[in-house]
Engineer: 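One structure follows; several queries about it will come next.
Note that the structure is a prediction, hence the values are computed from the model and not measured. Counting starts at 1 for both ligands and their atoms, in listed order. Both backbone and side-chain heavy atoms feed into the values below; hydrogens, waters and symmetry mates do not.
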Amino acid sequence: MSLIVAKFGGTSLANPQRIRDVAARLVAYHEQGHHLVAVVSAMGTSTDDLLKLARSVNENPPARELDRLLATGEQVSMAIMAMAVEARGVPAVSLSGRQAGIVTTGAYNKAKIAEIRTDRLTRALDQGCIVIVAGFQGITAEGDITTLGRGGSDTSAVAIAAAIHADVCEIYSDVEGVYTADPRVVPRARKLESISYDEMLELAAAGSGVLQMRSVELARNFGITIHCRSAFTNTPGTLIREETQMEQAIVSGIAYDKSEAKITIRAVPDRVGIAAEVFGKIAEASVNVDMIVQNISEHGTTDISFTTPISELRRLKPVLTATVARLGAREFIIDETVAKVSLVGAGMKSNPGIAAKMFKILADNDVNLGMISTSAIRISVVIEGEKVESALHALHTAFGLDSDEIFRETQLSGEELAAKTAKGR
Ligand code: ADP
Ligand code: ASP
Ligand code: MG
C-alpha cells in the first residue's frame, strides 16, 4: 500500500469522458489499497479562456482579481472529478488550495508556496476518501487567493507530495513522458526512461513546457521522484530523480523557447557601473532577464543586448525609455521574432567540443547565431524564430537522438493543439 499523489493536466480533463477515464484510474488505485491525492488542473483550455475573458474587459487586469478568476478553473475540475469518483461508489472530497492549507507568498500570478498545513488533507485520507485538490492555487497569510504561474499545478502536486511524504508523485499529461525534444515538433524524439533533476531543471528553464521549473526544483530539494506519464495509456513514463548512472548522456535533450524577445540598447556610454545601473532599474520593475551580451566598446560606447519574456515587455518599455534618456544612449530595439534553442546533457561537463559541434551543425543549416550562453550542462543560442524547426531537427539527428518510431498525436482536438501552440510551444 502506497501514498500516491497524481496530477492531471488540462488535456487529460478536457471533457466529461476524459474526466470519467481519470476517475476510473483513481478508483482502480483505491481498490488496490493505495491512499490517493489527485491534483487537478483546469479543464482543457479553460485557463486561456478565463484569461481572454479578463482581457476583454480590462487589457491589463489587476493581478489580485486575475488570480481570483483563474483559480476558479481548477475549482470546477476538482468538484467534477469528486462527483465522477463518487459515481463509482468510492468516497471523494474536493479541496480548494485554501482548504488544502496551501499558504503562499503574496506575489500574485507567480506566488511561491511557503507552507502546506496538511491536517485537513490527512484527515480526509484517514477517513478513506480519495482527496481531490485544485492545483495552481493557494492563499496568502492575509487570506487572498493566489496562483503559482502557468503550469503551476505541477508545483502544487510536488509540494503536496513532499508535505505528506508521499511514496510517489505521478504527473499525467498528453505525452508518455519526457522526450529528447518536444515530440510535437520533432516526431522522431525519443522517450527517456529517466532524467536527473539538474538536466530536467535546465530543460524546463530552456522552455520545455512538460513540467513547470519550480516543480522540479522542489522535487530536487525534497528528494521526490516524479513519474511523468500519459493519462491515455498505461505505459511507464519517465522518472525524474537523482541520476544514478555512471555514464551520462552527452546530450539528453533539446529545448526551444519562442516566448522571449531580444532587446538591444544601442550606443550606451562605456563607463564603470553602467550595466549595474541598467539591470538595476530593470530588476526594480520586477522584469526577468535571461541571456545578456555586452559588445566590445567602440568610440567610448557599447551595445548591450539581453532577452526577456515577451509578456514582460509592457512593464519593460517605460524603464528602457527612461534609461536611454538618462544615460544618453542612442536607442533601444526590440526583436520579438527570435527563438532560443538549448542543448542539455550532464555528460557535457566531461566532453569538450559540444559547443563547437552545435555551432557547426547550425552553420551548415544556414542558421545565424544572435547570442550564446552556457552553463555546465547546457548550451543555448538565440536564432531567428523561423529557423527553429530546422535547427531542432538538424541538432536532434546530428547528436544521435532520433528514434526509429514516430510520435503520433493521439487524442488531441484541433482546439487543444491550437492552445498549446498559442502558449508558445
Ligand atoms: P499539461 O496540460 O498536462 O500540464 P503540458 O501541455 O503542460 O501538459 O505539457 C505537455 C506538453 O509538453 C506536451 O504536449 C508537449 O508538446 C510539451 N513538451 C515540450 N517539450 C517536451 C519534452 N521534451 N518532452 C515531452 N513533452 C514536451
Ligand atoms: N491551469 C493552469 C495553466 O493552464 C495551471 C496548470 O495547468 O498547471 O497554466
Ligand atoms: Mg503543464
Engineer: Can you spot which of Ser46, Ser77, Ser153, Ser12 makes a side chain to side chain donor-acceptor pair (under 3.5 Å) with Ser41?
Structural biologist: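 When Ser46, Ser77, Ser153, Ser12 are each tested with Ser41, the side chain to side chain donor-acceptor pair (under 3.5 Å) holds only for Ser153.
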Engineer: Just jot down the ligand 1 atoms closer than 4.0 angstrom to any heavy atom of Asp174, in number order.
Structural biologist: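 Near Asp174, meaning under 4.0 Å from one of its heavy atoms, ligand 1 has 10 (C), 13 (C), 14 (O).
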Engineer: Ignoring hydrogens and geometry, is there a side-chain-to-backbone donor-acceptor pair from Arg88 to Ala23 under 3.5 Å?
Structural biologist: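 Flag not set: sc Arg88 to bb Ala23 has no pair under 3.5 Å.
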Engineer: For ligand 1, which atoms have a heavy atom of Gly10 less than 4.0 angstrom away?
Structural biologist: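 Here the atoms of ligand 1 in question are 2 (O).
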Engineer: At less than 4.0 angstrom from any non-hydrogen atom of Gly177, what atoms of ligand 1 do you find?
Structural biologist: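 What qualifies from ligand 1 is 24 (N), 25 (C).
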Engineer: For Arg117, what residues pass the salt bridge (Lys or Arg N to Asp or Glu O under 4.0 Å) criterion, not counting sequence neighbours?
Structural biologist: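 Applying salt bridge (Lys or Arg N to Asp or Glu O under 4.0 Å) to Arg117 gives Glu115.
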Engineer: Which atoms of ligand 2 sit under 4.0 Å from any heavy atom of Ser41?
Structural biologist: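 This gives 6 (C), 7 (O), 8 (O) as the contact atoms.
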Engineer: Can you check whether Thr180 has an N/O within less than 3.5 Å of an N/O in ligand 1?
Structural biologist: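 Between Thr180 and ligand 1, no N or O pair is found under 3.5 Å apart.
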Engineer: Applying a heavy-atom cut-off of 4.0 Å, say which part of Ser153 lies close to ligand 1: side chain, backbone, both or neither.
Structural biologist: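 Neither; no heavy atom under 4.0 Å.
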Engineer: At a 4.0 Å threshold, what atoms of ligand 2 neighbour a non-hydrogen atom of Arg150?
Structural biologist: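 Matching atoms, with element in brackets: 3 (C), 4 (O), 9 (O).
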Engineer: Run the contact test for Gly151 against ligand 1 with a 4.0 Å cut-off on heavy atoms, strictly below, and give the result.
Structural biologist: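 No, that is not the case, since the closest heavy atom of the residue is not under 4.0 Å from the ligand.
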Engineer: State plainly whether the residues Arg220 and Asp198 are in salt-bridge range, i.e. N to O under 4.0 Å.
Structural biologist: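 Yes.
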Engineer: Who passes salt bridge (Lys or Arg N to Asp or Glu O under 4.0 Å) against Glu202, sequence neighbours left out?
Structural biologist: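 So Glu202 forms a salt bridge (Lys or Arg N to Asp or Glu O under 4.0 Å) with Arg378.
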Engineer: Run the numbers for me: atoms of ligand 1, each under 4.0 Å from some heavy atom of Val178, listed by number.
Structural biologist: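 Near Val178, meaning under 4.0 Å from one of its heavy atoms, ligand 1 has 24 (N).
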Engineer: With a 4.0 Å cut-off on heavy atoms, is Gly151 touching ligand 2?
Structural biologist: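 A heavy atom of Gly151 does come that close to ligand 2.
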Engineer: Gly152: heavy atom below 4.0 Å from ligand 2, yes or no?
Structural biologist: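 Gly152 counts as a contact of ligand 2 under the 4.0 Å cut-off.
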Engineer: Within 45° of the ring axis of Phe399 and under 6.0 Å from its six-membered ring centre, is that where the NZ or CZ of Lys357 lies?
Structural biologist: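 Geometry flag: set, cation within 6.0 Å and 45°.
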Engineer: State if Gly209 counts as touching ligand 1 under the rule of any non-hydrogen atom under 4.0 Å.
Structural biologist: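 The answer is yes, since Gly209 has a heavy atom less than 4.0 Å from ligand 1.
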Engineer: Looking at ligand 1, would Pro183 count as a contact under a 4.0 Å heavy-atom criterion?
Structural biologist: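 In this structure, Pro183 qualifies as a contact of ligand 1 - some heavy atom is under 4.0 Å.
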Engineer: Applying the side chain to side chain donor-acceptor pair (under 3.5 Å) test to Thr155, which of Lys112, Gln212, Lys7 qualifies?
Structural biologist: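 Among Lys112, Gln212, Lys7, the one that satisfies the side chain to side chain donor-acceptor pair (under 3.5 Å) with Thr155 is Gln212.
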Engineer: Which residue from Ser77, Gly9, Ser153, Gly10 reaches closest to atom 8 (O) of ligand 2 through any of its heavy atoms?
Structural biologist: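 Answer by nearest heavy atom: Ser153.
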Engineer: Scan Arg98, Gln75, Arg68 and name whichever one has a side chain to side chain donor-acceptor pair (under 3.5 Å) with Gln137.
Structural biologist: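 Per the side chain to side chain donor-acceptor pair (under 3.5 Å) rule, the option paired with Gln137 is Gln75, out of Arg98, Gln75, Arg68.
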Engineer: Is the closest side-chain heavy-atom distance between Thr308 and Leu316 below 4.5 Å?
Structural biologist: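 They are in contact (side-chain heavy atoms under 4.5 Å apart), so the answer is yes.
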Engineer: Looking only at N/O atoms, are Ser12 and ligand 1 under 3.5 Å apart anywhere?
Structural biologist: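 N/O-N/O distance below 3.5 Å does not exist for this pair.
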Engineer: Given 3.5 Å as the limit, does a donor-acceptor pair link the side chain of Asp67 with the main chain of Thr147, or not?
Structural biologist: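 Side chain of Asp67 to backbone of Thr147: a pair is present.
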Engineer: Specify side chain, backbone, both or neither for Lys7, according to which of its non-hydrogen atoms lie closer than 4.0 Å to ligand 1.
Structural biologist: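 Near ligand 1, Lys7 shows its side chain, while the N, CA, C and O stay back.
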Engineer: Using a 4.0 Å cut-off to any heavy atom of Ser208, which atoms of ligand 1 qualify?
Structural biologist: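 By the 4.0 Å cutoff, the relevant atoms are 20 (N), 21 (C), 22 (C), 23 (N).
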Engineer: Tyr172 vs Phe8 aromatic rings, parallel, tilted or perpendicular, using cut-offs 30° and 60°?
Structural biologist: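 Rings of Tyr172 and Phe8: parallel, under 30°.
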Engineer: Short list, please: which atoms of ligand 1 are under 4.0 Å from a heavy atom of Val175?
Structural biologist: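 Within the 4.0 Å cut-off of Val175, ligand 1 contributes 13 (C), 14 (O), 25 (C), 26 (N).
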Engineer: Of the backbone atoms (N, CA, C, O) and the side-chain heavy atoms from C-beta on, which set of Glu74 has a member under 4.0 Å from an atom of ligand 2: side chain, backbone, both, or neither?
Structural biologist: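 The side chain, only.
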Engineer: Would Asp402 and Thr397 count as a side chain to side chain donor-acceptor pair (under 3.5 Å) if you check the C-alpha gap in whole Å, the side-chain angles of each, and the deciding distance to 0.1 Å?
Structural biologist: CA-CA 6 Å; Asp402 285 355; Thr397 303; 2.8 Å; yes
